[in-house]
2 protein chains.
Amino acid sequence: MVAEKNNINIKDIARLAGVSVTTVSHTLSGNRYVKEETKNKILKIIKQHSYEPNIIARSLIKKRSGLVGIITTALNNEFYSEIIASIEESLNPQDYIIIVNSSNHDPVKELNVFRKSNSLFIDGIFLVGSSIKYDYVEKYNYRNIPVVLVNRGCQGKSYPTVTVNYLKAMKEIVSYLAETGHENIGYLGWAKDTESVSVEKFNGYIKGLKINGLKKDDNIVFLKDDIMRNSFEEAYIFLRQSLSGKPAEKLKMSALVCQTDHIAVGAIKALNELNLGVPEDISVTGFGNTSVGRFSVPALTTVSVPKKEIGKLAAQTFLKLCGGKQGMHEFVLLDCPVIVRKSTRIN
Amino acid sequence: MVAEKNNINIKDIARLAGVSVTTVSHTLSGNRYVKEETKNKILKIIKQHSYEPNIIARSLIKKRSGLVGIITTALNNEFYSEIIASIEESLNPQDYIIIVNSSNHDPVKELNVFRKSNSLFIDGIFLVGSSIKYDYVEKYNYRNIPVVLVNRGCQGKSYPTVTVNYLKAMKEIVSYLAETGHENIGYLGWAKDTESVSVEKFNGYIKGLKINGLKKDDNIVFLKDDIMRNSFEEAYIFLRQSLSGKPAEKLKMSALVCQTDHIAVGAIKALNELNLGVPEDISVTGFGNTSVGRFSVPALTTVSVPKKEIGKLAAQTFLKLCGGKQGMHEFVLLDCPVIVRKSTRIN
DNA sequence: TTGAAAGCGCTAACAC
DNA sequence: GTGTTAGCGCTTTCAA
């Protein structure tokens, strides 16, 4: 941290090469012809001095930075991070630098970062499970950059979105339970309106009951007021608590539908500690098909959400949006199959 | 995405307020006195037009962006993401925007991003589990910004670092096993030299055996050539494979030390499928104390790495570095206790 | 085939 | 108390 530092700029390169900055600039961009000889001389000097053009200065003129932002509610979440990894991978050949910002479930921080990103000349933004409303996006996306909504509820409107038919998927896993002989099917999760996905899942559960001629029993619907962040623990604690009161009625429950795989794993632990075996006494289902559910004991019956695919399609939507406005009404809604493993039994 | 967009700048604000840009600038920065009246008028107009100063233009002059970067090898990794979340949280009051870049285990990409970050006028960088050598940091940190190494091996040199005494911790968990009557203690993990942490852990295992008078048996040392990314699955597959050959000798193993919690969970599944019970037939230990290990069946005996603490101390080191060079030789090495749960038995 | 120079949006020295 | 102005490092028009 002592020696002469390399802060060399385009002017230095020009001087060293005995040409104008214009010529250096064009050698780099390829925007106009530069004589082979001149070009080679310049490139050699650039290499010699490890010169890297200044992204900031360039952005100021071009109003594009080569940066793409991902705004997400949480990083310590296998579900999101797989989607994010897939977006990154799909965008890799495009020479973008991907930067991720996690709000740690703070909606205000999220909004702030979204607004500030304007002046950073970010070239595009993915909102992964973020709670930012599209009204806000429309209002504050001053530069009209592509914004892709990923893993959100479908609020009836059509913005560039890649998500999953959560309602349908939840309906189907409830149907699977009903068809295998379960009648008292409970639910564990949360349903905040800021979290449209959670609401859709819960509605899917309700619909699933209905179409199978079952009725909702509020004694076995365990809805937490607040989102369950660190799902294992929170779900575990919440269910233990909820179950500690009036165990008699609860035991009529023969299956418990959980909002995510993590919640299911937490639930299984809570149930086990109350001497309820899964699936012997109670069947439990997850949602998402994360690795956690594949390696839990018992392995989870769950809904397989194609996280890699979501990321890939989100990246494609972004690229479409970049090439004009013809992706503006892209609305990709993916279906998800139920995967039956060991956490449910046939009644 | 159609209406007039807000791209208002400092000049516009100045014009609207009937003052010079200087005055607007100083109202914002507080760098010199502005008459209450003028100030109020300016602030009102700023609010009215939702003006946000352009970060890029500001950075170009100040050579600081207000951005702090975290470069990490992988996002879908509970261990790293907890550390990252903690860094973010600790830096929150400081008004930095945190941007994370994950290389998805691609060292070349990592190097690239590190170099490019120079011209982005990033104010500081955390290398979380990154493989970037400090030589490289010294060579390419042109702007001499604070760089904090997080969760790295201690390579004998003293750079700003916050990490864990992996060697000691691993030694201690091996000792715990030895003291509880285990003699044939195996190892499952990898040990690439690019990944110094993994080497230290392995060395800790070796030392642990030695100080307890045990000898290494290569038949029960399962070292994968390559890093195990998606640990559950890779560990599971690798151990199944390794065990399929000559099961007779392997069965002498009474305990298996695993390099991470995820690997331990994968291992348990592999062992179970070979009809080996954990901990009845074989004890298994993890490393890290992630939530996965708390909710696995059986719950893991492991080493408790203070991830929140690491993040907090890393942020503090960064802040120290910002205020001059007096943090340059900060080298925080944390000790980690063994946590005994259900995956090990007393022989 | 190449250069000069204006300017992106902002800050800060210098001036009054 | 406030304004004028010269840049920050680059791209790009216009001119040669």
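A note on names: the letters A, B, ... follow the listed sequences, proteins ahead of strands, and every chain is numbered from 1.
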Original post:
Any side-chain heavy-atom pair from A/Leu111 and A/Ile132 closer than 4.5 angstrom?
Top reply: yes

- Item | Minimum side-chain heavy-atom gap A/Tyr159-A/Glu138 below 4.5 Å | yes

Checklist entry - Are B/Arg15 and B/Asp12 side-chain neighbours, meaning at least one heavy-atom pair lies under 4.5 Å? => result yes

Expected string for nucleotides 8-16 of chain D under the B/S/- scheme (protein heavy atoms, under 4.0 Å, primed atoms plus P, OP1, OP2 as sugar-phosphate) is BBBSB-B--

Check: Do side-chain atoms of B/Thr72 reach the backbone of B/Val128 as a donor and acceptor pair under 3.5 angstrom?
Finding: yes

On a heavy-atom basis, the closest approach of A/Arg229 and A/Asn104 is NH1-O, 4.3 Å

As a check of understanding: the bend across the helix from C/dT1-D/dA16 to C/dC16-D/dG1, end axes from five pairs, rounded to 10 degrees, works out to 40°

Contacts of A/Phe318 meeting ring pair (Phe, Tyr, Trp, His ring centres under 6.0 Å) (sequence neighbours excluded), chain-then-number -> A/Tyr96, A/Phe126

The complete set of salt bridge (Lys or Arg N to Asp or Glu O under 4.0 Å) pairs with one or both residues in residues 105-116 of chain A, sequence neighbours excluded, reads A/Arg115-B/Glu52

inquiry  = So, OP1 or OP2 of C/dG9: does either fall under 4.0 Å of a side-chain N or O from A/Ser119?
reply    = no

Sequence neighbours excluded, the answer for ring pair (Phe, Tyr, Trp, His ring centres under 6.0 Å) partners of A/Phe79 is none

Do B/Thr22 and B/Arg32 touch side chain to side chain, with heavy atoms closer than 4.5 Å? yes

Residues in residues 36-48 of chain A with a heavy atom under 4.0 Å of DNA chain C, by number, are A/Thr38

